[in-house]
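To start, the structure itself, in structure tokens.
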There are 4 protein chains.
Amino acid sequence: MTTSRKAALPSERRAHLIQLAGDLFAEKGYRATTVREIADAAGILSGSLYHHFDSKESIGDEILSAFLDDVLTGYRAAVADTDDARAAIERIVRSSAETLHRHRAALAMLENDWSYFSGQPRFAYLRKAMKEIEKTWVQQLERGKETGQFRADLDARLTYRLLRDILWIPTFWRQGRGTGWSSGQIADGLLRLLFDGITTRP
Amino acid sequence: MTTSRKAALPSERRAHLIQLAGDLFAEKGYRATTVREIADAAGILSGSLYHHFDSKESIGDEILSAFLDDVLTGYRAAVADTDDARAAIERIVRSSAETLHRHRAALAMLENDWSYFSGQPRFAYLRKAMKEIEKTWVQQLERGKETGQFRADLDARLTYRLLRDILWIPTFWRQGRGTGWSSGQIADGLLRLLFDGITTRP
Amino acid sequence: MTTSRKAALPSERRAHLIQLAGDLFAEKGYRATTVREIADAAGILSGSLYHHFDSKESIGDEILSAFLDDVLTGYRAAVADTDDARAAIERIVRSSAETLHRHRAALAMLENDWSYFSGQPRFAYLRKAMKEIEKTWVQQLERGKETGQFRADLDARLTYRLLRDILWIPTFWRQGRGTGWSSGQIADGLLRLLFDGITTRP
Amino acid sequence: MTTSRKAALPSERRAHLIQLAGDLFAEKGYRATTVREIADAAGILSGSLYHHFDSKESIGDEILSAFLDDVLTGYRAAVADTDDARAAIERIVRSSAETLHRHRAALAMLENDWSYFSGQPRFAYLRKAMKEIEKTWVQQLERGKETGQFRADLDARLTYRLLRDILWIPTFWRQGRGTGWSSGQIADGLLRLLFDGITTRP
DNA sequence: GATGAATGAGCCTTCATTCAT
DNA sequence: GATGAATGAAGGCTCATTCAT
């Protein structure tokens, strides 16, 4: 009777279903996960999922947008009220590591199915968010170059690419879950690498 | 009795088809690419592909194994006859950067469809190759720690993960092709980051 | 965890579909019948069959195993509590004639597609059942020879072959359905032939 | 240049190909055998077969018509110049057994693919030949009844059915080749069964 | 909210056949 | 006579989605 747009009231059931779907997406990717598998995990029939969601895509949408909201919120906080670029970068890194480990599904989806999502108008916000993320990193790196904290010959955009991927990806690629490193460890490892390199200081 | 096994004699046509398929795989992933699309790209009917290949999988197989052969050959050469761990790492990085840019399709397939391939017996060699790759990196990193070239508190396996992903992935993820960096530039950027960090030396 | 295995709960629809499929199998053979034809007969799309069955094979499986269960049950009952080999053979013949006419589809499948089924692990029970069937016949024939009811020079296995084929096959080969003999008539004709031959007694 | 109809000059090559095709048909049935398999057996490519035959069907045609010619020739000879129905039946049986074992392929084709062939105009001669075969048997059986050699209550057509199937089929059904009985043994077994039954004469 | 049945489009693959070289 | 490449129709199957009950 009332209009579709089932996204409105979350309800616990709904949240649970998203959770289940997300687990599957994280494991096998979005495209590779069938609606039937999600329904199976919930103990219902696949058709019944459509009482909760318009489509499979809308599940993906929800997971993805929740993730990006979190990331952006974290990044904005990380760079607010700071003049110290090095400190900002450190906070970005730690914020990333923390946020990411709560959004394994989204990460897996971006990794595996980026080309699928990024092609659709509905997911235009993905590109937009990625741009803000890039801008955040690059601004801090540039600022650090200006203040002399970072090497003057640093290619800020290239460095951003290297660092973002290093942070975003390794948690998931290969052997599914737990190769043992916590998000904190990865952040530490990366920061150490970042600021000191791997060689011993002379 | 007769030679069958279509994989044997390459033929130009065949190589061309693999090239076309690879381009599509690189763009959209292996699973997301249909046999029809490959055939369309070649200007033939989908069934006609089976004159050249046993299956879609065997196209994937060919692309993937060619890639891993190349990588491993490069890695083996990189660590042969060297006592200097830092030099070895540098050679591994440069070898990677060079090899990888010739195998965009394989990389995209590993990224997007790893879980699909790694589950199949036919692709068991993937896991094996990845293990040798990991071993190669880790051995050099450990050796560098022993000789004092690298920090003693370096987590070799974590570092390997970070570095491999940084090297293997950024070329493809996001905005499709060329945002401008050559494989050489990426190698340089990474090595600089690796050995010096991003901060200015005090 | 959930019940899956579609074979479990029969449901009327399902049974009806098996019936329709069986009719087609009986007419044209299993391999020669397409999934599309079965669906057409049911007035649905071919893909919709997969709501009820895992695969075409599983339809075949169901038909075949139901048949063999029936046959074996009949045979076991036929030889239970009997010392009289001739009576046992008679009961086997009548049991066959009765059972078989309820399983035209299975018979046609065994006849036409034996090599296809018997090669697959899934249908290993076919060979097993055929062995028990052979053993049942041969044991009674041998026993009859010992008691002097049957000719001492009778080749039990050869006789079994001749008799089983005579019983199992003629109902279907050639001109499709009903050339008029009931299963009872065939049994009578065969038993008469069997015990008396076709010649007049001197 | 000259008109198609490749059937004209047999040539050895051609005969050899028919032989190979027949072997495969006997093993797996006509429909289940692919043109590629035939070509493989001959060590050529499937397309090359079409230099020798118009179509797969025409290979089948050749095998089938050669078989029926042989059978009918044998039957006609068996009943020529005889008043003795019992002797005629015996000669029919022996002729069958002999002929059939030279035409395993044709038999397998009739068994497995009867419905396929008998539906096509091109193979109309199949039904015609089967009718003459039936007539031959039935006539002799009826004559034996009249002369008092055979039981008066014998159903000639039913008996024909039973006997023809017993003779034609058991050689092939199941376990492919050799379960050990020669065509002579089968003929003897059948004749003994036929004239004496399986019971000991009182 | 859920079930059960179905849709329809698309997927990978097979195969008899054709034809230029 | 044969090859190598392709056709075109069909086959079994998958999957997101719809909808009456």
Side-chain angles (χ1 to χ4, degrees), chain A residues 6 11 13-14 17 30-39 42-60, chain B residues 6 9 11-14 16-17 31-39 42-60, chain C residues 6 9 11-14 16-17 31-39 42-60, chain D residues 6 11 13-14 17 30-39 42-60:
Chain A
K6 297 172 183 174
S11 94
R13 187 93 181 97
R14 204 185 142 78
L17 290 173
Y30 173 83
R31 254 120 115 211
T33 301
T34 70
V35 166
R36 182 124 85 196
E37 286 168 332
I38 300 172
I44 59 178
L45 291 181
S46 67
S48 305
L49 274 181
Y50 289 78
H51 284 286
H52 303 277
F53 306 96
D54 289 344
S55 65
K56 184 185 175 189
E57 235 169 55
S58 77
I59 303 180
Chain B
K6 294 180 186 169
L9 356 170
S11 95
E12 275 183 52
R13 187 85 181 105
R14 206 186 140 77
H16 182 227
L17 292 172
R31 254 122 118 210
T33 301
T34 72
V35 163
R36 226 93 93 182
E37 289 167 330
I38 300 172
I44 59 178
L45 290 179
S46 72
S48 304
L49 275 181
Y50 289 79
H51 180 62
H52 304 277
F53 305 97
D54 286 342
S55 62
K56 184 187 174 186
E57 233 170 57
S58 78
I59 304 181
Chain C
K6 293 181 185 168
L9 355 171
S11 97
E12 276 183 52
R13 187 83 182 109
R14 206 187 140 77
H16 182 228
L17 292 172
R31 255 123 118 210
T33 302
T34 71
V35 163
R36 230 88 97 180
E37 287 167 332
I38 300 172
I44 59 178
L45 291 180
S46 72
S48 304
L49 276 181
Y50 290 80
H51 180 62
H52 303 278
F53 305 98
D54 285 342
S55 62
K56 184 187 174 187
E57 233 169 59
S58 79
I59 304 181
Chain D
K6 298 173 182 171
S11 91
R13 187 94 181 95
R14 205 186 141 78
L17 291 173
Y30 172 83
R31 254 121 113 212
T33 301
T34 70
V35 166
R36 182 125 84 194
E37 286 167 333
I38 301 171
I44 58 178
L45 290 182
S46 67
S48 305
L49 274 181
Y50 289 78
H51 283 287
H52 303 276
F53 305 96
D54 287 345
S55 64
K56 184 185 176 188
E57 237 170 53
S58 77
I59 303 181

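These figures come from a predicted structure and were not determined experimentally. Throughout, a chain's letter reflects where its sequence line sits, starting with A, and its residues are numbered from 1.
Atoms CZ and NE2, from Arg14(A) and His51(A) in turn, are 14.0 Å apart once rounded to the nearest 0.5 Å.
What separates NZ of Lys56(C) from C1' of dA10(F) is a distance of 12 Å, to the nearest Å. Rounded to a whole Å, the NE2 atom of His16(C) is 17 Å from the C1' atom of dG4(E). Between the CZ atom of Arg31(C) and the C1' atom of dC15(E) there is a distance of 15 Å, given to the nearest Å. For the pair Leu45(C) CG and dT7(E) P, the computed distance is 4 Å after rounding to whole Å. The distance between atom CZ of Phe53(B) and atom P of dC15(E), rounded to the nearest whole Å, is 19 Å. Atom CG of Leu49(C) and atom P of dG4(E) are 18 Å apart (whole Å). The distance from atom NE2 of His51(C) to atom C1' of dA20(F) is 13 Å, rounded to the nearest whole Å. When the P atom of dA9(F) is taken as reference, atom CZ of Arg36(C) falls 14 Å away, rounded to whole Å.
In this structure, Tyr50(B) and Ser55(B) approach most closely via the heavy-atom pair CE2-CA, 3.7 Å. The two residues Ser58(C) and Phe53(C) have their closest heavy-atom pair at OG-CB, 3.7 Å.
Heavy atoms of Thr34(C) sit under 4.0 angstrom from primed sugar atoms or phosphate atoms, though from no base atom. Counting any heavy atom pair closer than 4.0 Å across all strands shown, Ser46(C) reaches a base atom. Thr33(C) comes within 4.0 angstrom of the backbone, heavy atoms only, and of no base.
Pairing for dT13(E) is with dA10(F), a Watson-Crick or G-U wobble pair whose two hydrogen-bonding atom distances lie under 3.5 Å. Nucleotide dA20(F) is matched to dT3(E) when pairs are restricted to Watson-Crick or G-U wobble geometry with both distances under 3.5 angstrom.
Residue-to-nucleotide proximity on DNA chain E shows that, of Ser55(D) and Glu37(B), the 5′-proximal contact is made by Glu37(B).
Side-chain contact between Arg13(B) and His52(B) is present, with at least one heavy-atom pair separated by less than 4.5 Å. Looking at Ile44(C) and Leu49(C), their side chains come closer than 4.5 Å, going by heavy atoms from C-beta outward.
Close to dA6(E), at under 4.0 Å from its OP1 or OP2, lies a side-chain N or O of Arg13(C). Listed pair Ser48(A) / dT3(E) meets the phosphate criterion, a side-chain N or O lying under 4.0 Å from OP1 or OP2. Applying the 4.0 Å criterion to OP1 and OP2 of dA2(F), one finds that His52(D) has a side-chain N or O inside that range.
When each of dG8(F), dT18(E), dA5(E) is scored by its nearest atom to the side-chain atoms of Tyr50(D), the top-ranked nucleotide is dT18(E).
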